[in-house]
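First the structure, in the form of structure tokens, and then the observations on it.
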Amino acid sequence: RKEVEQDPGPFNVPEGATVAFNCTYSNSASQSFFWYRQDCRKEPKLLMSVYSSGNEDGRFTAQLNRASQYISLLIRDSKLSDSATYLCVVRASSGTYKYIFGTGTRLKVLA
Amino acid sequence: NAGVTQTPKFQVLKTGQSMTLQCAQDMNHNSMYWYRQDPGMGLRLIYYSASEGTTDKGEVPNGYNVSRLNKREFSLRLESAAPSQTSVYFCASSEGNLGYTFGSGTRLTVV
């Protein structure tokens, strides 16, 4: 089993739709969680950290479920500019500097 | 504020040639990383440096060496390039639990 797993997609949604992605992780000791966005042929960029209580940034909401070992990203009112690959990232434990990346979920927002 | 700067952006090598990828960050981060990204494989850690003066192997270190020249700079060297090293290489830096900042990447082709 991969340490961090994501559905590769693509998720094709119309503008204005709400879409959600999940990401599962295998290490129950994982400490920190992030969502990154990667545009085609560009570097990944931090979208948001994921906190235990859940957090929201504009149209984006991130949730953490430690019991089931997954994190989620919800995008409301999708824009064409949201089309990208979304990477789930997990820091294995507090004693490591290494972050584990999922292979990403591709989102296409259609006009 | 440049963030993380990688050079070169593109490179074509012949099998057996050597080269060094350069990375510098101006955010005073302690930790720096080298990743490679291949289609369907996601980002894989090659080497990392938790702090100035230390380096450690990541998931796929074979065929690579690194040097943490000072706090700002972390270089990746390919001693004898192989076609299997054709990839996009990203340098990143981090501090604490704030996630990574990536450079814009180096697209390397080995023929």
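Proteins come first, then strands; the chains are lettered A, B, ... in the order of their sequence lines, and each starts at number 1.
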### Task
Let me see the working for Lys45(A) and Asp39(A) under salt bridge (charged side-chain N to carboxylate O under 4.0 Å, His left out), right down to the final yes or no.
CA-CA 9 Å; Lys45(A) 292 185 177 178; Asp39(A) 293 290; over 6 Å; no

### Task
Determine, stepwise, if the pair Ser30(A) / Arg66(A) fulfils side chain to side chain donor-acceptor pair (under 3.5 Å).
CA-CA 9 Å; Ser30(A) 297; Arg66(A) 285 193 181 273; over 6 Å; no

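Of the two parts of Gln6(A), neither the backbone nor the side chain holds a non-hydrogen atom closer than 4.5 Å to a non-hydrogen atom of chain B. Of the atoms belonging to Leu43(B), heavy atoms from both backbone and side chain fall under 4.5 Å from chain A. For Gln37(B), the part lying under 4.5 angstrom from a heavy atom of chain A is the side chain only. If you measure heavy-atom distances from Arg44(B) to chain A, you find no contacts under 4.5 Å at all. With a 4.5 Å cut-off on non-hydrogen atoms, Leu87(A) touches chain B through its side chain but not through its backbone.
Taking the six-membered ring for Trp and the full ring otherwise, Tyr35(B) and Tyr100(B) have centroids separated by under 6.0 Å.
Lys42(A) is not listed as a side-chain neighbour of Ser104(B), based on a closest heavy-atom distance of 4.5 Å or more.
Chain B forms the most heavy-atom pairs under 4.5 Å with one residue out of Gly102(A), Pro44(A), Gly104(A), and that residue is Pro44(A).
Using cut-offs of 30° and 60° on the angle between ring planes, the pair Tyr86(A) and Phe60(A) is tilted.
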